Visitor: 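Below you'll find the structure I mean.
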Amino acid sequence: MSRKRPIASAKRTRTARTFDEVPKKSKVVLLSCGSFNPVTNMHLRMFELARDHLEDTGRYEVVKGILSPVGDGYKKIGLIEASHRVEMAKLAVESSSWIEVDSWESRQADWQETVKVLRHQQQELLSQEPDTDVVGTAKPGRKRKRMDASSATKRRKLEEPDIAPKKTGNNWSFPLHSPFAFLLHYAAPLDVSAASSGEPRVMLLCGADVLESFGVPGLWKPQHIEEIASTFGLVCITRGGSDAEAFIQGSDLLLPHRSNIHVVQEWVANDVSATRIRHGLRCGHSVRYLLPDPVLGYIQERQLYNAESEQRNEGVVLAPLQKCARTQE
Amino acid sequence: MSRKRPIASAKRTRTARTFDEVPKKSKVVLLSCGSFNPVTNMHLRMFELARDHLEDTGRYEVVKGILSPVGDGYMKIGLIEASHRVEMAKLAVESSSWIEVDSWESRQADWQETVKVLRHQQQELLSQEPDTDVVGTAKPGRKRKRMDASSATKRRKLEEPDIAPKKTGEPRVMLLCGADVLESFGVPGLWKPQHIEEIASTFGLVCITRGGSDAEAFIQGSDLLLPHRSNIHVVQEWVANDVSATRIRHGLRCGHSVRYLLPDPVLGYIQERQLYNAESEQRNEGVVLAPLQKCARTQE
């Protein structure tokens, strides 16, 4: 379904090849899995960076961000109870209009492989009404605040009066088995799932360290890496960028899905690791302004982190490594 | 004034040489001068790091932190009106029980040399009632929140029942700055040598740095600073927090998110007024920075 558009509005969609074609934007939900022990400003920044990056391409609309704290079954050393970590995460995003917390993973008795969390989230989205502007766009009862306006929205406001991106027919869909598919792989990225039907796709939001952990023996199943990279996609926040790129280039599993992996460079070094925050808390040092005030208040009221909590799970094998060992038996 | 103390409490004051000596703690007010264009989480972190560092020595009690935004007369490129910068700074520290904003410097018609701001602040403290525990300890009407409890306070709670440090008289003002400011002492024409001397000797500096070694090397190589080495505290950041106001302004111009890099109330203020844009970044373009103007005039 093509339509003629006036020249003046051509700049609004950067990937338009001619004025008759308007590429459809894919709706994306960013899923961040982690310990969040505790959640920090860095975790929150990752969402903001990822959204700006994806929307800057003109091909995506990020409709929701989800923090999914890992369950206690992960058995990581120093990991405090999931109930606290979920509560802190909720406090952290209380004032955000687009980021929320999903506690499903944290409530499972056994540790859940990341791909299962992705599948679960995708299922949840599919079970919602398709092709509605309201889906996942705003948390219930909360209007999208100006503070959370995406960069794309702000730029539209600067360039033109507020006009929502139109949904048009997609002239760009080639079946994956088509001999021309490989050309489109470079000319214009294909959305490999759910694009034409309108429901959002879930993408894994992570740091470069997670990406590089794909190379740690026994930590990830190869078929899971394949599924994450092909079916879902990754948005990977990195400091330098070159290490992540080199890793992808050197990975037989990842390279075929290069266009589905978005490497995003931080433009402000923000090295706020939860490990260092816990260390600071144990030493009685201030961690204020490294994490949201409500989270800090929660921690202090309950004296959550100390030498004892840091020893939890000491000597216990990390769940993914346990799982791998059992598989090999 | 010495007194005998039981052995068990010796650990409380780390610098005690014998059990008969109780070193007095100096009360300190940290003063941070800057553009705060806008104020960021990094500016706020500097206060927290400085306080922890000083109190960890066991020799100091940090009673107050002051942000002093520079006046418009500074003529720095991209510097927006002082009224906005002061307001944003106030929003940033609204929820802090020990950091506050002083707008005196920002209200002066001409740019004020840093040493004058230090002298002004010290005068203000001297004019308050001396030798009172209440002086500068808490912002009026605001109880010190647990969130702002200093590391020393937290450790005392862990080790012993609360014992107030000895009164030592009025607080001294120390300049809180980044390593870049310290190293700017070497830029010709930017600082008067006698001012550097006065800052280092009369007041003292707390200098927050990433690596530490550059700052140390600079001090070692400075005839003005080296004699006052003990009055300069080099504090290493243990979390890299490179949130510069310049990059934040750049992000805002590009329409990129700067959320979680600065306090939400400050971000809200900026967005409501569309404070930063390509035009604001060109303010004072072509104008010579005030300190350099002043130096040039002095040499005429």
Side-chain angles (χ1 to χ4, degrees), chain A residues 40-53 55-56 92 95-96 99 145-159 239 266-273 275-277 279-281 283-294 296-301 303 306, chain B residues 40-53 55-56 92 95-96 99 145-159 210 237-244 246-248 250-265 267-268 270-272 274 277:
Chain A
T40 73
N41 282 346
M42 178 197 70
H43 295 128
L44 303 171
R45 275 302 293 160
M46 286 173 63
F47 279 97
E48 302 287 319
L49 287 164
R51 184 172 71 160
D52 280 348
H53 178 91
E55 298 202 347
D56 277 359
S95 63
S96 172
I99 307 171
K145 291 184 183 167
R146 183 200 300 259
M147 196 176 295
D148 285 331
S150 69
S151 56
T153 304
K154 291 171 199 164
R155 271 196 301 278
R156 280 200 300 277
K157 284 188 191 302
L158 292 171
E159 296 167 2
R239 186 70 46 73
E266 281 186 294
W267 47 271
V268 161
N270 209 359
D271 207 11
V272 186
S273 80
T275 303
R276 290 188 189 180
I277 284 183
H279 178 82
L281 288 164
C283 298
H285 284 152
S286 167
V287 296
R288 194 148 189 216
Y289 311 115
L290 299 179
L291 71 183
D293 277 349
L296 180 55
Y298 185 95
I299 290 171
Q300 290 177 326
E301 281 160 26
Q303 308 258 300
N306 46 47
Chain B
T40 73
N41 282 346
M42 177 197 70
H43 296 127
L44 304 170
R45 276 302 293 160
M46 288 173 61
F47 280 96
E48 303 286 320
L49 287 165
R51 183 171 72 160
D52 281 347
H53 178 92
E55 297 203 346
D56 278 357
S95 63
S96 172
I99 308 171
K145 288 182 183 167
R146 182 200 300 259
M147 196 175 296
D148 285 330
S150 68
S151 56
T153 303
K154 290 171 198 164
R155 271 197 301 278
R156 280 202 299 277
K157 284 190 192 299
L158 292 171
E159 296 166 1
R210 186 70 46 73
E237 280 186 295
W238 48 271
V239 162
N241 209 359
D242 208 10
V243 187
S244 80
T246 304
R247 289 188 189 180
I248 284 183
H250 178 83
L252 287 164
R253 287 197 303 279
C254 297
H256 285 152
S257 167
V258 296
R259 194 150 187 213
Y260 310 115
L261 300 179
L262 73 183
D264 278 350
L267 180 55
I270 290 171
Q271 290 176 325
E272 281 160 25
Q274 307 255 299
N277 46 48

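Just so it is clear, the model here is predicted, and its values are computed rather than measured. Naming convention: chains lettered A, B, ... in sequence-line order (proteins, then strands); numbering from 1 in each chain.
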Visitor: Using a 4.5 angstrom heavy-atom cutoff, name the option from Leu261(B), Leu267(B), Val243(B) with the most pairs to chain A.
Guide: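 Highest number of pairs under 4.5 Å: Leu261(B).
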Visitor: Rounded to the nearest 0.5 Å, how far does NE2 of His285(A) lie from CH2 of Trp238(B)?
Guide: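 The distance works out to 8.0 Å.
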Visitor: Looking at every heavy atom in both Ser95(A) and Arg259(B), which two are closest together, and how far apart are they?
Guide: OG-NH2, 2.8 Å
Visitor: Is chain A contacted by the side chain of Ile248(B), its backbone, both, or neither, given a heavy-atom distance below 4.5 Å?
Guide: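 Contact with chain A is through the backbone of Ile248(B) alone.
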Visitor: Among Asn41(B), Ile270(B), Leu44(B), who wins on heavy-atom pairs under 4.5 Å with chain A?
Guide: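 Greatest number of close heavy-atom pairs with chain A: Leu44(B).
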Visitor: Could you give me the CA-CA distance, side-chain angles and deciding distance for Thr40(B) and Tyr289(A), then say whether side chain to side chain contact (heavy atoms under 4.5 Å, CB included) is met?
Guide: CA-CA 9 Å; Thr40(B) 73; Tyr289(A) 311 115; over 6 Å; no
